[in-house]
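Structure first, commentary second.
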Protein chains: 2
Amino acid sequence: MNQRLPVQGPQGDLLRLVATGKAESRAELARLSGLAASSVSLRVEELIDAGLLAEEGSGTSRGGRRPRRLRLSPEAGVLAVADLGAHHVRLGLLDLSGSPLVIEERPCEISDGPRATLDRVADAFDALLAEHVPAGTPLRGVGTGVPGPVDPATLRVVTPSRMPGWNDFPVADHLAARYDLPVLVENDANLMAAGEARHWPGSENLMVVKAGTGIGCGVVVNGSLHRGRGAAGDISHVRVRSDSSILCACGHPDCLEAYASGAALAAVLTEAGVEVTRPADIVTLVNDAVPEATSLVRNAGRRIGEVLTVLVNFFNPDVIAVGGSLSAAEPLITSIRAAVWERCLPLATRDLEIAPARAGRDAALLGAGTLLLEAVTRP
Amino acid sequence: MNQRLPVQGPQGDLLRLVATGKAESRAELARLSGLAASSVSLRVEELIDAGLLAEEGSGTSRGGRRPRRLRLSPEAGVLAVADLGAHHVRLGLLDLSGSPLVIEERPCEISDGPRATLDRVADAFDALLAEHVPAGTPLRGVGTGVPGPVDPATLRVVTPSRMPGWNDFPVADHLAARYDLPVLVENDANLMAAGEARHWPGSENLMVVKAGTGIGCGVVVNGSLHRGRGAAGDISHVRVRSDSSILCACGHPDCLEAYASGAALAAVLTEAGVEVTRPADIVTLVNDAVPEATSLVRNAGRRIGEVLTVLVNFFNPDVIAVGGSLSAAEPLITSIRAAVWERCLPLATRDLEIAPARAGRDAALLGAGTLLLEAVTRP
DNA sequence: CCGTTTATCTTCGAAATCGAAGGAAGTGAG
DNA sequence: CTCACTTCCTTCGATTTCGAAGATAAACGG
């Protein structure tokens, strides 16, 4: 039934431009797609006939005739996305433009292993679909983020330190067996970066730092996610300059993670007799102006900033977006900025923006939507 | 006369695939270009009629009919390329496939300023063209490398530390005024990276380190050069871990360049009473098994490797190619390897190749040819 | 109010592209 | 040698895309 719908090929390109909000009218589609205006009109006609696009009033004039605004039809389809954490999963449904229809969080132990976890996620998808999506609207793609590296070639999880029982498990194949649809599996920090990228129009090269219990980072190059061999973006196991020496779980001394992650800060505070369980607790302490906490966070920011220094000189991003639960502590980003400004080449920092992440706590789910939309609308 | 030749548009794509050696037959062109085989045949016919392509015998069978091999016609055109150094310039002519017709090196002081230098280069181009290129063969592009950062937006040189008088000079405009053709201006390490990339087919992500008097680096992402804001690839002003403290010319303490560049090593050796003027002299000492020189180079390699560690985790390249005059000293690459293998994530080093550069001393000129070919054959 | 300008969108014949079918030229197995 | 099979390339009618011209709709400026 939904096998021959024009979501791929040239129509797919047009659909994607509307879904991502880059184009709102036939004229904009023509400019951005490179197709002739007449061809765009023909294809848009088809997309409207197929019930994927709809016309909705008119936009604002740019000095001439007002454009007839196009938007995605609600019946165009939905995407099911999840983001697996160590002890819980956030999951939900998005429309093709990436707007959430429903998002919820459930407890879920990733240590239960891949089969149990993924089946539980899929059951949750089915329940949400039954409750929130009318019968005629097709599910068009399924995606999930995982807290570990994913081999982009095989879509398997590889050497995940926090996912016992998942090593080399074919996550995508398992999901594809249940849903005969495009399936996405990606590292959670990468998903967050993909979600963040949409909030920085005009910026093609981004680094997105996730400062939470651990320290993650995703890289966007030329507007699309850089995967490398599956571990790209890792900054947590970089050696930092230090007087003392701490051994990291990875077996090497003085990793950034051992000094500046939420877990490391919590350990120091607990040692000092302050009760801390989650990174959010540290933020609370900082906002309450507890001197030790503030000093610790500032120190962590400086360390992260020193690592970023190397990467900024090398990669020359337009934007460094700082997210994660720890990023709510203001001194973090301030001291990251200070370290980068001080030490980087002027040419590299000339127009560099270092700012809080814009996509909010559902960034990873939104990122999964963005990447899935690509997969759904490509030949 | 050569204004309407089909080097752009769809024919340009085909021409480029042949010129870069990616395709040698109509069938390969069809596979790589995405066009239908019938369309490819038509366009190739046109290119042959226009004298840009030629048929040359047949290739080897892959189990069926033998392909009719296509190659670039010698009359298709030439590219004029140069690579400016501090005290000399290498320049020459390439055919469109990037093969050198003639390459020579001349003394040339970059401190004479942009006008004098560029005019001298252009005069040299004209002389080479008159001597080595028959009348019917058109010049299709001009490109030059410079030993400093280039703003990719304006093609001006920005804040060049070793190019007095060049700051903000519109190099591309100056050349374009003399040649009404596509003009390329690029940092020399970036050109080297572009040239090297062609020698690593199958590898999409490369870091190319140039270890000479200074330390340069170029980055190739998804097969094309990453420019960032013009300074991308810089690794020379990264802070290294050190007991002592050396102030770098950039004003910061403990830059990699101050410890591991050819200039830094030469300074130490001279201090110790060993006569050294160029990085090549250091290589000679190492090959003669002079212990101090070997130990110094090994130390430099380890320091470079420690910096690369961070970048390998972050960027996950397929290949790190090490070139530059100092790279001829074997211990350099060996100790870079050791540092990277020891400290990087296994996933990042799993299939990583760290190897000597393959493109030789004309890498930058060949890279200029590759990038110019792009400019010439694009709409 | 009424032309001028600008931008959006459609119409329609020309051109480019596709894809199915088939011919050409090879390999390899019996 | 013959026959099946593979790959390469061309032919030709169908489809898609283009681009010039015009229709539509609004802003702007007397």
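Values below: all heavy atoms of this structure, side chains included; hydrogens, waters and symmetry mates excluded. By convention in this document, chain letters (A, B, ...) are assigned in the order of the sequence lines, proteins followed by strands, and residues within each chain are numbered from 1.
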Open item on the list: Between C1' on dT16(D) and CD on Q11(A), what's the gap in Å once rounded to a whole number?
Closed with: 10 Å

- [ ] Please report, rounded to the nearest Å, how far the P atom of dT10(D) is from the CD1 atom of I48(B).
- [x] 9 Å

Open item on the list: Testing the basics here: between W200(B) and A321(B), what is the closest heavy-atom pair and its distance to 0.1 Å?
Closed with: NE1-CB, 4.1 Å

Task: Distance in angstrom units between L42(A) CG and dT16(D) P, rounded - done: 10 Å

Task: Side-chain donor/acceptor contact of R62(B) with base of dT7(D) under 3.5 Å - done: no

TODO: By nearest nucleotide on DNA chain D, pick out whichever of A37(A) and S61(A) is the more 5' one.
DONE: A37(A)

Task: Distance in angstrom units between E55(B) CD and dT10(D) C1', rounded - done: 13 Å

Task: Passing candidate, side-chain hydrogen bond (donor to acceptor under 3.5 Å, both in side chains) with R68(B), options E24(B), E56(B), E55(B) - done: E55(B)

Open item on the list: Nearest 0.5 angstrom please: L225(A) CG to N190(A) CG, how far?
Closed with: 4.5 Å

Task: Gap between atoms CG and P, on L14(B) and dT17(C) respectively (whole Å) - done: 9 Å

- [ ] Could you tell me whether R69(A) contacts a base, only the sugar-phosphate backbone, or nothing, with contacts defined as non-hydrogen atoms closer than 4.0 Å?
- [x] nothing

Open item on the list: Is there a side-chain contact between R68(B) and the phosphate of dA25(C), meaning an N or O under 4.0 Å from OP1 or OP2?
Closed with: no

Open item on the list: Tell me the interatomic distance from L35(B), atom CG, to dC8(D), atom P, rounded to whole angstroms.
Closed with: 17 Å

Task: Residue mapping more 5' on DNA chain D - nearest nucleotide basis, G63(A) or S25(B) - done: S25(B)

Open item on the list: So, taking the atom named CG in L79(A) and the one named CG in L93(A), what distance separates them when rounded to the nearest 0.5 Å?
Closed with: 9.0 Å

- [ ] Can you tell me the distance, in whole Å, between the CD atom of E24(B) and the P atom of dT7(D)?
- [x] 18 Å

TODO: Answer with base, sugar-phosphate or nothing: what part of the nucleic acid does S39(A) contact at a heavy-atom distance below 4.0 Å?
DONE: base

Open item on the list: Taking 4.0 Å as the cut-off, does a side-chain nitrogen or oxygen of R66(B) come that near to OP1 or OP2 on dG26(C)?
Closed with: yes

Open item on the list: From the set dC8(D), dT17(D), dC9(C), return the single nucleotide nearest to any side-chain atom of P67(B).
Closed with: dC8(D)

TODO: Would you kindly check whether a donor in the side chain of R65(B) faces an acceptor in the base of dT7(D), or vice versa, at under 3.5 angstrom?
DONE: no

Open item on the list: Categorize S58(A) for me: base, sugar-phosphate, or nothing, with a 4.0 angstrom heavy-atom threshold over every strand shown.
Closed with: nothing

Open item on the list: If you assign G64(A) and S38(A) each to the DNA chain C nucleotide with the nearest heavy atom, which residue ends up on the more 5' nucleotide?
Closed with: G64(A)

Task: Trace of the salt bridge (charged side-chain N to carboxylate O under 4.0 Å, His left out) decision for R16(A) with E374(A) - done: CA-CA 7 Å; R16(A) 188 168 54 251; E374(A) 289 278 324; 3.7 Å; yes

Task: Short side-chain N/O contact to dT10(C) OP1/OP2 from R26(A), under 4.0 Å - done: yes

